[in-house]
Amino acid sequence: MAGRAMGSAPALHGRQLRGSASSSATLRPARCARAVTRSLAGGLSLAVVSASSAELTLDPSLYSEPSASAYWGDGPDASPPFRELRYRAAELSRELFDRHIQDGRVFVVEDLGKNGPMATWDCDYFRSDPVFSTAEMVQQYAASSGSGSTKRVGLRSEWVSEEAKTGAADSEAPQKAPFYWGIKDVQFGGHSKTWKQEMLKKVHKNIQLPPFMDPDNAEWFKRTPEFWFAGPGAGAMAHMDSHVQPTLSLQLAGTKRWRLSMMEPRLGPYLAMIYADGAVYSRAEPWQPHFNVTTRPGEALFFPPGFIHETLNLEDSPGSCSASVTFQFERPMAARLYRTFLPRIRRTADIHEAWPILARWAALLGDAPKKGLSYEAAKAQALGSGAAGAAFEAMDSDSNGSLSWQELKRAAGHADAKDLLAFHDLDEDGTVSRHEFAEVFGFWASMERAAIQETPKRFRNLQLRHLDDDFNIEDLPDKVTAELLREAQAQEAKVRERSSAKAGAAASRATTSEL
């Protein structure tokens with residue numbers, strides 16, 4: 001029987017709703033399959049496709065990434081901006097929250113911080129607090145910072161009047177620069193001398209992990225807190241972070257607008273960063289954000305890795321201020337998002353930190369082929385007794401050809417097991433069949449091989465070194481980075497031209513046949 005191509009339909013429509021509403025989640029087979037509805041806490045029903053995993057395929061010659069409209073919108077014909085999901089904290093169960101994170105959903109929890117320990121932490125609080133007020137903030141995204149000058153101002157100062165232009169080439173973008181207080185860096189060095197351990201301890205003392213989140217995230221919250229402050233019309237220019245974890249941003253004061261979108265599809269491998277601060281504003285095609293989200297005090301925005309994002313303080317009265325605190329966490333990871341959009345993720349250097357993680361997941365935490373493999377060869381290895389097949393058999397303690405949750409957890413631990421299950425379980429029945437593993441391993445290996453082979457020979461060693469702990473492509477000299485960018489853009493243009501020519505020829509043949 002011919003396999004069913006994955007990747008063409010949405011997993012969960014991004015409707016603005018509460019937990020008591022209903023929506024649907026489907027897998028991405030090209031043919032229809034029997035849908036089974038699961039009822040989750042809060043009354044939200046998720047329709048999960050039930051189909052034989054032996055019929056599902058990730059053959060790269062058939063696979064197509066879903067469009068943003070199909071994946072995050074109300075359907076393939078939806079136009080951005082799409083509506084974010086909205087909840088009260090009590091409406092989110094652990095299962096529903098984890099699913100949203102694994103799928104890469106954008107959602108707001110409207111009351112997450114309203115009665116929490118940071119509920120009174122507005123700008124005046126930071127200005128007057130005896131512990132925090134002696135710290136300095138760093139102005140970010142200012143056009144003048146490109147010359148090496150960085151403005152530092154004290155939290156206790158009248159910093160709102162310290163305005164600097166961003167130079168953003170987009171009338172909708174923030175035109176004034178915000179301030180950053182990265183108190184997390186006290187743990188890692190390289191921070192301002194005004195940032196003290198007692199400040200970090202006070203932040204730690206007031207962190208409250210939401211009940212719908214895995215308790216292991218408490219340590220991630222302690223490792224990653226950073227505060228952002230913005231006067232009227234100020235905010236962060238559009239950019240994409242290189243971290244691979246989901247993000248939570250809790251609004252403490254003021255009203256903030258977020259514009260967000262998933263990284264774009266790629267037709268060739270990029271080893272140079274393409275989503276630097278404000279870069280999307282200067283392209284020939286205007287940036288079209290997928291989401292336009294407003295957060296108010298007490299509201300928390302969750303969004304996945306790989307997202308371009310921009311902020312703007314909407315308060316326009318003199319002296320008004322926006323304040324927020326941001327965290328990253330990794331329980332769970334956005335494993336299904338990574339698998340669904342693997343072609344662009346493996347070709348986008350801005351998220352290169354994910355590449356070794358995906359290799360590890362693909363090989364069930366075993367050794368992954370560094371140069372990748374063809375889809376057929378990788379599947380054969382996974383179904384046979386080679387390295388990948390041996391890794392599966394080692395986890396399959398009852399030798400029934402399927403990895404249960406208990407087997408995954410016993411072999412990999414709770415956190416890794418959750419990510420492995422989301423990454424490999426194509427039909428979402430709670431187990432990983434040998435066929436599913438072979439499909440996902442083959443898909444990953446073929447993408448790895450393609451990324452390397454598509455890279456000009458003189459740069460392929462950079463692709464091969466990305467798995468080395470002591471190498472970071474972000475540290476390449478500017479001259480090399482510029483050359484890498486030119487090469488990738490030229491290669492992508494050639495692929496686009498060939499695709500356009502093929503489409504034109506096909507249309508011409510169709511017209512001729514009709515005549």
Side-chain angles (χ1 to χ4, degrees), residues 18-19 41-42 84-98 100-101 105-133 135 137 155 178-184 186-187 195 197-230 245-258 293-303 309 311 313-315 320-332:
R18 289 284 177 81
E84 75 276 10
L85 298 160
R86 284 185 169 265
Y87 296 95
R88 299 285 187 182
E91 296 168 341
L92 276 173
S93 65
R94 176 82 58 81
E95 182 182 8
L96 180 56
F97 174 81
D98 285 358
H100 282 342
I101 296 300
R105 300 297 160 199
V106 175
F107 60 100
V108 171
V109 182
E110 296 175 337
D111 58 345
L112 190 63
K114 290 191 175 177
N115 296 309
M118 295 185 185
T120 61
W121 287 21
D122 58 13
C123 298
D124 287 335
Y125 178 88
F126 285 95
R127 187 176 291 117
S128 61
D129 180 76
V131 176
F132 293 153
S133 61
M137 302 180 293
L155 276 167
F179 288 90
Y180 168 76
W181 183 36
I183 189 61
K184 65 182 180 182
V186 169
Q187 303 163 99
W195 300 356
Q197 280 287 347
E198 65 173 334
M199 298 174 181
L200 181 62
K201 288 180 181 178
K202 181 167 182 174
V203 172
H204 284 176
K205 184 178 179 181
N206 287 276
I207 288 175
Q208 185 177 71
L209 189 73
F212 50 76
M213 294 184 71
D214 190 310
D216 287 349
N217 285 316
E219 288 304 310
W220 272 90
F221 275 36
K222 290 180 179 179
R223 289 177 59 185
T224 61
E226 57 184 47
F227 291 83
W228 288 90
F229 300 88
Q245 298 85 11
T247 294
L248 179 163
S249 180
L250 174 64
Q251 193 69 14
L252 301 174
T255 304
K256 181 184 291 185
R257 184 201 70 189
W258 291 79
V293 180
T294 299
T295 54
R296 297 174 175 80
E299 295 186 335
L301 170 67
F302 291 82
F303 64 93
H309 52 284
T311 64
N313 176 16
L314 295 178
E315 305 285 346
S320 63
C321 161
S322 168
S324 61
V325 59
T326 296
F327 306 95
Q328 277 76 50
F329 58 94
E330 65 171 26
R331 301 289 188 267

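For the single chain, residues carry numbers from 1 onward in sequence order.
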Salt-bridge present (K114, E299; N to O < 4.0 Å): no

4.5 Å side-chain heavy-atom contact, L112 and L248: yes

Least distance between heavy atoms, P297 atom then G254 atom: CD-O, 3.2 Å

V106 and W258, any side-chain heavy atoms less than 4.5 Å apart: no

Side-chain touch V293/R86, heavy atoms, less than 4.5 angstrom: yes

Atom NZ of K201 with >12 non-hydrogen neighbours under 6.0 angstrom: no

Audit row: L200, Q187, side-chain contact (heavy atoms from CB on, under 4.5 Å) steps and yes/no: CA-CA 9 Å; L200 181 62; Q187 303 163 99; 3.3 Å; yes

Distance in Å, R127 CZ paired with D122 CG, rounded so as to fall on 0.5 Å steps: 9.0 Å

Test ring-ring contact (aromatic ring centres under 6.0 Å, His included) applied to W181 and W228, F227, W121, the passing residue: F227

Carboxylate-amine/guanidinium contact R331 D98, below 4.0 Å: no

Parallel, tilted or perpendicular: ring planes of F302 versus F97, cut at 30 and 60 degrees: perpendicular

Aromatic plane relationship, F107 with H100 - under 30° parallel, 30 to 60° tilted, over 60° perpendicular: tilted

Test side-chain hydrogen bond (donor to acceptor under 3.5 Å, both in side chains) applied to T224 and Q328, step by step: CA-CA 6 Å; T224 61; Q328 277 76 50; 4.6 Å; no

Side-chain heavy-atom pair D111, Y87 within 4.5 angstrom cut-off: no

Nearest heavy-atom neighbours spanning S320 and E315: OG-CB, 3.3 Å

Heavy-atom check, side chain of K256 versus side chain of L314, under 4.5 Å: no

Residue pair C123 / A253: nearest heavy atoms and the distance that separates them: N-CB, 4.4 Å

Residue pair Y125 / K202: nearest heavy atoms and the distance that separates them: OH-NZ, 3.0 Å

Under 3.5 Å side-chain donor-acceptor pair for E226 and T326: no

Distance, nearest 0.5 Å, that separates OG1 of T311 from CZ of R257: 9.0 Å

From R223 atom CZ to H204 atom NE2, the distance as rounded to the nearest 0.5 Å: 10.5 Å

K184 side chain reached by P225 side chain, heavy atoms, under 4.5 Å: yes

Approximate separation, where rounding is to 0.5 Å, of S133 OG and D124 CG: 12.0 Å

Separation between CD1 of I101 and CE of M213, rounded to the nearest 0.5 Å: 7.0 Å

P246 to F329 - nearest heavy-atom pair and separation: CD-O, 2.9 Å

CZ on F126 to CZ on F132, rounded to 0.5 Å: 5.5 Å

E91 side chain reached by L96 side chain, heavy atoms, under 4.5 Å: no

Side chain proximity check, V109 to F212, heavy atoms < 4.5 angstrom: yes

Derivation of the side-chain contact (heavy atoms from CB on, under 4.5 Å) call for T255 and T295: CA-CA 6 Å; T255 304; T295 54; over 6 Å; no

Result of checking L209, I207, T247, N217 against F327 for side-chain contact (heavy atoms from CB on, under 4.5 Å): I207

Nearest non-hydrogen partners of Q208 and G116, listed with the distance: OE1-CA, 3.9 Å

